[in-house]
Amino acid sequence: MVQRHRTCSFLLLLFLPFLLLVAADGPDFTISSFNNLPARLFFFDDTDTVIYHDAQEGNVYVSQDEGKSWSLADGVPSGKAMMVIEHPFDNNYAFVLTNGKTHYRTDNRGKTWRSFDMPVEPSLVLRPLSFHADPKKYGYILYQGTSCDGAGWGAICHDETWYTKEAFGDDAKKLLSETSRCQFAHSSKDFKHDAHDDHIYCVAFDKTSTTGSHSIGSSRLFSSTDFFATDNKVEDLGIGKNAKGVIAFAIVSKFAVVAMKDMSPSNNGEMLLYVTVDTKQWAKAQFPHASSAQLRENAYTIVESTTHSLGVDVVLQDRSSIGTLFVSNSNGTYFVESLKDTNRNDFGFVDFEKIYGIDGIGLANVVSNAQEVEGRGAPKQIRTLITFDDGSSWGRLKPPTVDSEGKRIHCNPDDADKCSLHLYSVTSPHNFGRIFSSPAPGFVMAVGSIGESLRAYEECDTFLSIDAGNSWKMVRKDAHKYEFGDKGSILVIVNDEEGVDKVRYSLDLGKTWNHHDLGFKFRARALITLPDSTSQKFLLLASVARRDQKDGMGRVVVVALDFSSTRQRKCEEKDFERWYARPATSECLMGHKQWYRRRKTNSYCYVGEKFQDPVEHEEDCECTAEDYECDYNYIRRGSKCEPAGPEPVPPGVCADVNQEYEGSSGYRKIPGNTCTGGLALDKPVRKKCSQAQPKEGDVVHQTFEFQAGLVQHAYFKKSTTILARLTDYSVWQSSNEGYTWNQLFSDRRFLAFYHHKYSHDRAYLITDSNSFFYTVDGGQKWHERHAPTPPNSFGVQVLRFHPSSDLIIWTGNRDCSGSTATCHAEAQYSRDNGANWHMVDGYVRNCAWAKDAELDTDPNYIICESYRDKKGSQRLFQDDNPLELIGGTNFYAKKQKIFENVVGFAKFSEFLVVAQLLPREHSLDLQVSLDGSHFAAGRFPPSMHPETHAYTVLESSTKALFLHMTMSEPPAPYWGSILKSNSNGTYFGLSVNNVNRDDRGYVDFEKLIGLDGIALINVVSNPVDAAISGHKKLQTRITHNDGSTWKPLDPPKQDSLGRDYDCKDTKCALHIHGYTERLDPRATYSTPSIVGLVMAVGSVGDSLLPYTESDTFISRDAGFTWEEVHKDAHLWEFGDSGSILIMANDEEPIDHVLFSTDEGSNWREYQFTKEKIRVKSIVTVPSDTSRRFILIGFYPRSTNTVIVHIDFSALTSRKCNLDIHDPNTDDFELWSPSEERNERCLFGRQTLYHRRNRQANCVVGNQPKLEDKVVSNCPCAKVDFECEFNHVKDENDECVLVPGTTPLPPDDSCRNGEEYWYERTAYRQIPYSTCEGGVRLDHGKGHQCPGFKAHSGFFWFVIFTLPFAIVGLLAYSFWRRSGLARGTIRLPSEGPYGHDSGILATLASVPWFLVGIAGIAWEWVASRFDTYAMRSSRGYRNLPVDEDAQVLRFEDEE
């Protein structure tokens, strides 16, 4: 059955129906007149019946003879038809929906119509009816309606779904209330599964609303197999109770897809896709760029997909209409980048379309000048590309050598850059239905131009391909509408640039063209035929100017063209040939060749196989490597599939470790692939049982010795793949957490490697030449590219990264071979990941993108530390050639000097910090910016200005900068004070004195991961003595309120042997070794996977003992209480979210490790070697969610590095259970830092965290963690405040003014609509605190704000109500017309050719603000405010005007 119904909407005109019959040479034609252009014009599938819906009049017209004659629908009252919907699986049925409760149905293809009643009016969505695909259940239909309490503007409305089993011949029954979309699981012939016949999915809310509006967090996906009578299941999508925030559900090809908003607190608008191919197992769609390829509302589109892959186009740049196309694997869960810079429009439609009926071939448009478009808003230059292998590779369209008149084209077809064919596509359709192709096999037509890029439509011509896009011919000058008939044996075109009186047609596959004069001038609006392109009849929809109307002809006409008389002979078997669908270079796809039976070019006959769909034939190919994918538990690395770890085997297979078993080869044939013979990569292989996964309770290990020392190692974030670089300049990779290792490119020397800061599966290997290697898929494949210069030798980071993954900066050596006099560092940028490079600047020390994950600035802004005088050798530069900070917009094209004499810059969270040298004052100044272009000088307490002190900027994660300022003077050892800034980093107050630092500038300061405001430091307790003796005594301090107060660590009562400690007095405390003594900065005290768990090496006493005299401690409550877990100093690592801990002695060579499954209560030994090794570090995946660890060390006899992979996965197989509804029965507990401290709240709120019970012996794994639970905001207390600028704490813990200084002036600006402003006090609220009310130490005397609050309530009611009432009326009209207010999604059509026009053959995300009619006005306003009002002249956020505006001297530019 063919489903290529075509629809479109037009401006509506008024004329009376009129009929005119004409006979002439060539095709016969009949002219019918109508009052208005149609809202829909479509055929019943495989029939001669046509429907013409005049939405202006509300009438439906029916033709039973392919458009020759028309009549009003019999039984449908005039003026009532609001919508016409055909049954996609039964061509006898169609339905006319009105805006009331009485509707109409035909069961005989429009001959007669009968009414039926529904309890509620239909919802104003694109398609309020959903159908069952089983022909036996044609009558099973879901009806989406709207129910309201009350009438008019005060009505409270919600959507609900009803169902019928007899196509509304029975009484409809309510399915579910508070729904936004329901659909049968069996509603697509491609989505094949064994679910229950009556399986239904519904996107609905889990609670009712009294206002008509809902929180998106209450939207879930429900399912039922008995129409929700007793079976009402919430689909958990494999993530449990977190499966909320569902935006939409759709079935696309063989995939069911759920679009869901990420409801986690840290989410920045990201959308999540979950996919299933069997209705049972759901999986999250994983994109290769973990950071940059985030799905955001209204910023992704699911494009037309095949039965073996899903396509998604994603906008990577904010405010951009340029996307990147990703295609999935066979189950729709893992995506790879297919095509960059795809062209999109503002509605989310993408210039991408598959060639109908031909596997693997598709056409796409890209923006060739994307850099200029995104940088300075230049007009797009569009180019067309084609793929023959389902998006794996793309090539240009080679143009014909001559035009339609036989003249040579104006350019050289061999010059791909200057001379290619470019075509108009989905974003700008000019006809109904698919843009390029039809069911006529291999026939493709398009409007386009030849040259560097696509020209304006009016400057384009019409092109034809009869080999599915492999070669092209210009068939006519000017743009034309086109259509295919009689399986391609008739091609019809009509001019689309101006009014004409002719149609043109070809009967020999486009070799020659005839024309036929219709006798009147018209402007073509559409050209269609039967959906399956098997008829010799066509419908031309046109408008006729008043001066051209003849014999009572109307303004709108439908011309029924009949080409039956143009050929008398029916084709015989000799007139057909076998046509193979793809070129020889990509002949086999999914294991088979594809061919169709097609009429020969020179056979003058008609095919005449009306209503018979083209039959696809397949010939199986021999299997090749492309026909296989990695088996389960295997990971692809390059062209090989490697084990993720020991292979699981069935029980009883390996009773003895000395036996062998037949295991997986690592490969499996791609599901749906039909290849036979050839390469059998999936053949089982014999393996030793010792390599299999051990039985439960066992631990296994694997040892690997490198032939050199290890100098660099790092995991890909969110991956099991690790890279290692050795002293012999080799790089090694393990894709299975160190289980096996492979050397990369053994013939190259590597100086370094970098992991992309924002895109977690990208990495770069830097060689000693100008070539480098990169990966975009976590090391599965590596590709070589060339940099413009060799890597620099000035100690500068070679690569700098951008949140948009492909934007990189390379800093290399220029003219530095030998002893040249002009050797210098040069920076160049690339916006395509190193494929092409563009100059930034020469004689630089450091260039970087201003944009950061939290630093909101112009995405194309580059900042450089650039030398003033650009001549000579940079190696010889002295102070007389100072560095300048240069900033450049539009990729440094428009640059300006920001500061002279800079020492350097750095980015910390949302802050950009610049150190500037002031030569006249011989001092150092600190400049801070929140947008990369506007800076404010940092202000410091007296005697603490950086002009006389070295300083280290510490991390920022709580909306404040921490700064360590060195206060000691050489030759004394170093220590200093930690200062903390206000919320925009512009002035600093003292937090704590005498904090330890080392000679390199590193500071004993570390925040606990996952717990804001808790940090550990080491202070020098004897600063006076240390200045003389050079020996520092260190003591540890902890803060639980972001540096406002610090206190010692409480020691445990007993050591790990159960003995009491010697010290008992108040000076007795626990002290731990800090950051300055750490060999690997990544070996932190805490872990992101289990909040509150801390490990450290230290000692109990009045000060910290040397490392070799220290022991190992653990805290489960974020440092409030501690216990000693083992004597001696140990290295440690956290695994599986804390369900397993591992330690290795760090004082001597060892042959065993210690591990614990109860967070340190008990420890067990595991011996991994007979020859002891000296362990230097323990590593695991960055998320600390694995049970596999890598020991890195060396044998005392050698300097070679030894790697020991230890696997604890088989210790237990029980999965931890999390049940938030019955927490007493699960394996987790709720914990809060406030349990162990006097203050109930932290940062003005009480927060609870889920973590595994200490005694639960289970595997946490990768199951999603529940979000932190904020119980409540708390009343403000003293801990929520810190000292104001120029104030310090006295001995009574009170903030007092520093003698000789003045407080800040009051801020009376009332910028945020406050009712009162308050004089400043000695206190300010900690920026990160959310406390409410209570004790407001920061409020002095109150004063009423002028202006806003002075007006009466009625005044402001009128001011705000009037515009919203007007907007509400506009929004309601918009909502009634668009149907986009409920989070609906545009779907690919259910049938093989598409219900609606090709422009709707996508599934696009739609903004979701508030749901229900009551929320429409706000949704309309909010969506447009976000789109327009926030686009200032620069388009970027300025440094916010806050309570310190008078200090910053910034004016409100808004």
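- Ring-plane geometry between Phe95 and Phe116 is classed as perpendicular, the angle between the planes exceeding 60 degrees on a 0 to 90 degree scale with a lower cut at 30.
- His103 and Ser115 are not linked by any side-chain donor-acceptor pair at a separation below 3.5 angstrom, with hydrogens and angles left out of the test.
- Crowding of Lys80 atom NZ: a count of heavy atoms from other residues, nucleotides or ligands under 6.0 Å not exceeding 12.
- Under the 30°/60° scheme for interplanar angles, the aromatic rings of Tyr143 and Phe168 are found to stand perpendicular.
- When the shell of 6.0 Å around CD of Glu1332 is examined, it contains more than 12 heavy atoms from other residues, nucleotides or ligands.
- Here Thr106 pairs with Asn108 under the side-chain hydrogen bond (donor to acceptor under 3.5 Å, both in side chains) rule; sequence neighbours left out.
- Scanning for side-chain hydrogen bond (donor to acceptor under 3.5 Å, both in side chains) contacts around Thr279 gives an empty result, with sequence neighbours left out.
- Residues meeting the side-chain hydrogen bond (donor to acceptor under 3.5 Å, both in side chains) test with Asp278, sequence neighbours left out: Thr276.
- When atom types are taken as modelled, the side chain of Arg1252 and the backbone of Asp1227 share no donor-acceptor pair closer than 3.5 angstrom.
- Within the 6.0 Å centre-distance limit, the rings of Phe131 and His87 are counted as a close aromatic pair.
- At distances below 3.5 Å, not a single donor-acceptor pair connects side-chain atoms of His193 with backbone N or O atoms of Lys280.
- By the side-chain hydrogen bond (donor to acceptor under 3.5 Å, both in side chains) test, Tyr93 pairs with no residue at all, sequence neighbours left out.
- Sequence neighbours left out, not one pair with a member in residues 162-171 passes salt bridge (Lys or Arg N to Asp or Glu O under 4.0 Å).
- Salt bridge present: Arg1251 and Glu1229 bring a charged side-chain N and a carboxylate O closer than 4.0 Å.
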Check your understanding: Please walk me through it: do Gln183 and Ser130 pass side-chain hydrogen bond (donor to acceptor under 3.5 Å, both in side chains)?
Key -> CA-CA 6 Å; Gln183 188 170 352; Ser130 180; 5.1 Å; no
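- Cysteines Cys1258 and Cys1216 place their SG atoms closer than 2.5 Å to one another.
- Taking the side-chain contact (heavy atoms from CB on, under 4.5 Å) definition, one finds that Lys173 meets it with Tyr163, sequence neighbours left out.
- To the nearest 0.5 Å, atoms CG (Asp197) and NE2 (His199) are separated by 11.5 Å.
- Remark: side-chain polar atoms of Asn1253 are not paired, donor with acceptor, to backbone N or O of Ala1256 under 3.5 angstrom.
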